[in-house]
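Start at 1 with the first residue, then count along the sequence.
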Amino acid sequence: MSRIEAPRDDATAATGDLVGRLLGALPADAVLTDPDVTASYAHDMASFCPAGTPAVVVLPRTVEEVQHVLRVATELRVPVVPQGARTGLSGGANAHDGWIVLSLTRMDRILEISPVDRVAVVEPGVVNATLSRAVREHGLYYPPDPSSWETCTIGGNIGTASGGLCCVKYGVTAEYVLGLDVVLADGRLMSTGRRTAKGVAGYDLTRLFVGSEGSLGIVVRAVLGLRPAPPAQLVLAAEFPSARAACDAVCAIMAGGHVPSLLELMDRTTVRAVNDLARMGLPETTEALLLAAFDTPDPAADLAAVGALCEAAGATRVVPADDPAESELLLQARRLSLTALEAVKGTTMIDDVCVPRSRLADLLDGVERVAERHRLTIGVCAHAGDGNTHPTVCFDAADPDESRRARASFDEIMALGLELGGTITGEHGVGVLKKDWLARELGPVGLEMQRAVKQTFDPLGILNPGKLF
């Protein structure tokens with residue numbers, strides 16, 4: 001057996017022995033064994049990712065309980081899959097038959113908010129939106145805001161290095177994780193990083209854990225950097241006669257030195273899907289809709305400057321919002337994009353390809369060609385200011401041929417992203433869905449080094465095996 005692959009059933013202890021050992025230091029309500037219940041923890045929201053029924057689901061409340069679970073898992077050689085809210089889109093939280101699911105949702109305390117140090121100390125089960133609202137009460141701001149921010153957890157955000165709508169100005173989760181407490185595969189507790197404004201002691205192990213998808217250790221506490229709360233943002237909507245014209249505007253905005261708090265793009269398929277779902281009255285004649293926002297002291301002036309660049313790039317209509325309420329209405333349309341596209345056929349495969357901004361138009365044009373070739377509906381919404389696109393393949397999962405074409409189109413889009421100098425994932429992670437593509441992106445030497453890191457932290461291969469590699 002490869003050290004980084006899942007042990008087979010004949011290498012795991014009997015379920016009864018496993019449960020008994022877990023109950024030795026865990027309360028009864030923290031150990032779930034009912035198959036109807038454990039089956040509900042089997043997978044995240046990704047399509048085309050295999051999953052099985054775990055032997056047991058454990059819901060710890062303390063660091064010591066997590067350590068106990070890992071010690072038992074190490075002794076019995078049972079794989080452990082850490083989970084948050086299971087809103088992931090890559091299969092990174094998927095379980096297999098006989099494994100332990102370690103759900104961290106009950107570790108949901110905000111331990112500290114420090115306005116002086118501008119940090120928050122939290123447990124992994126804290127919901128992103130809960131933290132954001134709590135720090136706002138102190139005049140502070142936690143910027144990372146994935147689309148699922150009302151339900152996703154900080155631990156899950158750290159595991160997948162999540163992004164969000166605000167990344168163009170404020171960056172991604174990795175830039176706000178200052179320090180971690182991590183339970184290692186053998187149950188030892190390790191602290192990384194700092195809570196100071198500066199710190200360069202030793203290798204940056206904190207960054208190593210961010211985006212590791214639970215394959216190196218279990219995050220049980222995080223020190224997160226905060227910023228002063230910005231003013232309310234104002235949003236501009238610009239309609240374009242082509243996706244390329246909208247991408248030209250994106251390039252002009254960024255080359256002009258502007259720093260929007262948000263720069264999002266919706267193609268015509270996405271705009272029509274949102275209208276069909278929510279009757280929002282978006283302009284269905286448009287080929288692309290660009291949303292730009294500023295949270296500066298004078299956002300109206302910034303919007304006017306960006307509006308002029310949009311018009312120069314060919315925008316047929318530019319509409320700046322007059323107040324935060326109108327701005328929020330425009331952003332609601334963007335937040336509904338993925339839900340609306342899912343309603344088109346019932347099932348979606350959401351890609352997460354990031355390319356240099358200068359190649360954004362080439363990617364969107366390529367996606368359109370892929371959709372035509374495979375006779376599929378593929379909508380694109382994008383964090384355009386980052387070059388991070390979400391081509392979303394809509395298909396009928398009950399139709400085998402359409403499902404086959406959906407998977408083929410998904411792979412072609414990833415290949416296109418790499419060809420354009422991009423990456424197979426900007427914020428959703430690798431999980432099961434993209435692990436074959438990870439090897440292509442890293443190359444043989446890069447893959448060897450990453451596997452060596454995994455071997456160092458998890459020599460028995462029990463931490464979320466089968467993910468990433």
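Side-chain contact check for Trp437 and Asp411: at least one donor-acceptor pair (N or O, by modelled atom type) lies under 3.5 Å. Judged purely by distance below 3.5 Å, without hydrogens or angles, the side chains of Thr296 and Asp302 pair a donor atom with an acceptor atom. Of the N and O atoms on the side chains of Tyr141 and Asp295, not one donor lies less than 3.5 Å from an acceptor on the other residue. Between the side chains of Asn464 and Ser215, no donor N or O sits under 3.5 Å from an acceptor N or O. Looking at Glu441 and Thr423, their side chains do bring a donor and an acceptor atom within 3.5 Å of each other.
The one candidate from Val135, Ile154, Leu131 that meets the side-chain contact (heavy atoms from CB on, under 4.5 Å) condition with Ile110 is Leu131. No option in Arg405, Glu412, Glu402 other than Glu412 meets the side chain to side chain donor-acceptor pair (under 3.5 Å) test with His374.
Contacts of Tyr41 classified as ring-ring contact (aromatic ring centres under 6.0 Å, His included), with partners at least two apart in sequence or in another chain: none. Every residue two or more places apart in sequence or in another chain that forms a side chain to side chain contact (heavy atoms under 4.5 Å, CB included) with Val259 is listed here: Lys169. Among residues two or more places apart in sequence or in another chain, the ring-ring contact (aromatic ring centres under 6.0 Å, His included) test is passed with Phe395 by Phe48. Under the rule for a salt bridge (Lys or Arg N to Asp or Glu O under 4.0 Å), the partners of Asp181 that lie at least two apart in sequence or sit in another chain are Arg221. Residues passing the salt bridge (Lys or Arg N to Asp or Glu O under 4.0 Å) test with Arg369: none are found, sequence neighbours excluded.
Of the possible donor and acceptor atoms, none in the side chain of Thr38 sits under 3.5 Å from a partner among the backbone N and O of Val57. For the pair Thr153 (side chain) and Gly84 (backbone), a donor-acceptor distance under 3.5 Å is absent. Judged by distance alone, the side chain of Glu264 and the main-chain N or O of Leu291 form no donor-acceptor pair under 3.5 Å.
Closest approach of Ser337 and Val274 over heavy atoms only: CA-CG2, 3.9 Å.
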List the atom pairs, donor and acceptor, that lie under 3.5 Å between side-chain atoms in residues 303-324 and the rest of the protein, sequence neighbours left out.
| unit_1 | atom_1 | unit_2 | atom_2 | d |
| --- | --- | --- | --- | --- |
| Thr316 | OG1 | Glu239 | O | 3.4 |
| Arg317 | NH1 | Glu239 | OE2 | 3.4 |
| Asp323 | OD1 | Ala325 | N | 3.1 |
| Asp323 | OD1 | Glu326 | N | 2.7 |

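Classification of Arg335 and Glu328 as a salt-bridged pair holds, one side-chain N sitting under 4.0 Å from a carboxylate O.
One distance of note links CG of Leu416 with CZ of Arg359; it measures 9.0 Å at 0.5 Å rounding.
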